[in-house]
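One-based numbering along the sequence shown.
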Amino acid sequence: MIYPSILDRQYEQYLPFVEDVALRVRQTMLNFCDTNGYAFTWRIKTIESLAEKIETGRFKKWSELDDLFGCTVIIPNLSQEQQVIKFCQETFQVAKTVKRGQNKKSPDTFKFDSTRISARLKSVEDTNIDNLLSSFNVMFEIQIKSAFEHAWAVSTHDLVYKSSGIDWKKLRLAAQIKAIVEQLDTMILAFEQISPYIQESDYPEIKRKCQIAAATLELFELNKIPEELKPKDMTRFCDNLYGILISAKKEDKVQEVIKSIKTKINETPSKQIPRSISLLQYFLAILVEAEIIILPLNKYYFHITSELLALYPIFQDSVDLIFEYEL
């Protein structure tokens with residue numbers, strides 16, 4: 001493709017400042033995304049893409065081009081969007097924010113509608129907008145997409161827009177997939193409200209894990225167990241404890257297991273409950289001492305620590321499979 005010489009010159013002259021902006025914005029946004037567990041992508045617009053943008057006829061002058069550098073923050077679900085918007089407003093000089101749903105569209109239309117922010121770097125001094133050769137006058141764009149939305153964009157973009165011709169069926173299919181993406185995002189936002197309408201199946205494993213979770217949470221609510229022992233992820237904790245019961249062939253004895261744990265903890269003063277081991281280790285020790293679980297277990301690698309052995313020496317010689325710290 002042949003470009004006008006004026007575009008070549010302008011792009012070459014402007015590119016170092018775009019690259020400088022890209023470096024600064026990337027560093028800032030990557031730190032923010034790493035802290036919050038968000039994904040991040042970025043790109044500098046190529047001269048080919050820039051020429052196509054100018055030829056849309058939507059822009060009056062060079063300074064109006066708002067995405068020579070563009071990046072995307074990918075959030076797990078749309079409930080985190082406002083946090084990203086607030087961070088950008090506090091960090092950059094925001095010129096314009098177009099939120100999802102802000103542009104009018106008919107209810108049967110499904111197309112790109114991500115929130116996007118046009119901004120510049122903040123400067124301690126006033127910058128002259130007519131002086132294009134400044135990093136502080138480079139406009140850049142930050143898009144905010146859900147994980148589903150990002151997957152749709154990267155999966156369909158080249159299939160639809162990089163093909164040799166216009167294909168109604170491909171455009172239709174991309175729109176149908178986008179409709180599914182919007183539905184998925186809506187379902188995640190309304191997850192707590194929608195889930196009660198799901199027809200429940202009487203699945204024994206889930207019922208038993210729910211019983212373990214309910215009993216464990218009750219002990220915390222009654223202040224029978226120190227709060228610092230509370231698992232970060234109760235679902236994972238119950239999965240792990242139930243996995244031990246399966247290895248011990250006691251998965252059908254959950255009520256007996258719960259009774260044993262509650263009895264021991266209710267008999268133990270709060271100050272005497274060990275804080276140097278995990279809650280799973282403590283529950284396991286209770287069940288081993290009560291002879292509900294007989295060691296060793298088949299195909300289960302125990303997390304044996306010096307703190308556990310100091311409190312419960314029974315694990316010293318009764319366990320043959322131990323997780324190893326390879327240091």
Side-chain angles (χ1 to χ4, degrees), residues 35-37 76-77 188 191-192 195-196 198-327:
T35 300
N36 291 281
N77 64 73
I188 294 299
F191 194 87
E192 296 295 337
S195 60
I198 300 297
Q199 183 65 45
E200 189 170 355
S201 174
D202 189 20
Y203 187 56
E205 180 175 319
I206 297 299
K207 181 180 287 187
R208 292 165 184 165
K209 289 179 182 178
C210 286
Q211 292 169 347
I212 294 171
T216 304
L217 290 172
E218 181 184 22
L219 290 169
F220 279 104
E221 290 168 1
L222 295 174
N223 297 318
K224 297 292 185 179
I225 306 177
E227 190 68 22
E228 58 262 39
L229 288 180
K230 193 170 187 178
K232 178 183 177 183
D233 186 337
M234 185 57 69
T235 300
R236 178 61 61 85
F237 171 80
C238 294
D239 285 344
N240 291 342
L241 181 55
Y242 191 74
I244 292 174
L245 298 181
I246 291 175
S247 295
K249 300 187 183 332
K250 298 289 184 177
E251 65 268 27
D252 58 345
K253 304 292 183 182
V254 166
Q255 287 302 322
E256 183 183 350
V257 166
I258 292 173
K259 182 180 179 180
S260 176
I261 290 171
K262 291 175 75 172
T263 299
K264 178 64 176 179
I265 290 175
N266 285 325
E267 292 174 350
T268 306
S270 178
K271 291 183 178 179
Q272 293 182 18
I273 290 182
R275 291 163 168 80
S276 59
I277 60 178
S278 72
L279 187 64
L280 186 71
Q281 288 175 318
Y282 182 44
F283 280 14
L284 175 59
I286 291 173
L287 297 174
V288 169
E289 285 190 333
E291 297 185 348
I292 294 175
I293 289 181
I294 306 300
L295 300 178
L297 297 183
N298 185 36
K299 296 182 180 180
Y300 181 84
Y301 289 84
F302 287 85
H303 185 209
I304 303 297
T305 60
S306 57
E307 293 85 355
L308 178 67
L309 293 176
L311 292 166
Y312 301 100
I314 190 174
F315 288 99
Q316 183 74 55
D317 300 318
S318 301
V319 174
D320 53 359
L321 298 177
I322 299 175
F323 174 80
E324 297 180 9
Y325 285 95
E326 299 174 323
L327 298 179

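- Listed for the S195 side chain is a donor-acceptor partner under 3.5 Å among the backbone atoms of F191.
- At least one side-chain heavy atom of F283 sits under 4.5 Å from a side-chain heavy atom of I265.
- More than 12 heavy-atom neighbours from other residues, nucleotides or ligands sit within 6.0 angstrom of CZ on R275.
- Once rounded to the nearest 0.5 Å, the distance linking CG of L280 with CZ of F237 reads 5.5 Å.
- Considering only heavy atoms from C-beta on, K230 stays 4.5 Å or farther from I225 through its side chain.
- Not a single salt bridge (charged side-chain N to carboxylate O under 4.0 Å, His left out) links D252 to another residue, sequence neighbours left out.
- Under the side chain to side chain contact (heavy atoms under 4.5 Å, CB included) rule, Y242 has a single partner from I246, D239, N240, which is I246.
- The closest side-chain heavy-atom distance from K262 to E218 is below 4.5 Å.
- A heavy-atom distance below 4.5 Å is not found between the side chains of K253 and L245.
- The CD1 atom of I286 sits 9.5 Å away from atom CD1 of I292, with the distance rounded to the nearest 0.5 Å.
- Within 6.0 Å of the NZ atom in K264, the count of heavy atoms belonging to other residues, nucleotides or ligands does not exceed 12.
- Closest non-hydrogen pair, I273 versus P226, comes out as CG2-CD, 3.9 Å.
- Taken to the nearest 0.5 Å, the CG atom of L279 stands 8.0 Å off from the CD1 atom of I261.
- Between H303 and F323, the ring planes lie perpendicular to each other; the angle is over 60°, past the 30° to 60° tilted range.
- Contact check for P296 versus L321: no side-chain heavy atoms found under the 4.5 Å cut-off.
- Summarising the geometry, atom OG1 belonging to T305 is positioned 8.5 Å from atom CG belonging to L311; distances are rounded to the nearest 0.5 Å.
- With contacts defined as side-chain heavy-atom distances shorter than 4.5 Å, the pair L308/F302 does not qualify.
- Below 30°, between 30° and 60°, or above 60°: for Y312 and Y282 the angle between ring planes is between 30° and 60°, a tilted geometry.
- In the displayed structure, E324 atom CD is contacted under 6.0 Å by at most 12 heavy atoms of other residues, nucleotides or ligands.
- Q316 places no side-chain N or O within donor-acceptor distance of the main-chain N or O of P313, the cut-off being under 3.5 Å.
- Rounding to the nearest 0.5 Å gives a distance of 10.0 Å between CD of E289 and CG of L284.
- For the atom pair CG of L287 and CD1 of I258, the computed distance is 10.5 Å after rounding to the nearest 0.5 Å.
- A salt bridge (Lys or Arg N to Asp or Glu O under 4.0 Å) with E205 is found for one member of K207, R208, K209 and no other, namely K209.
- The two atoms that bring I294 and L297 nearest to each other are O-CD2, 3.5 Å, heavy atoms only.
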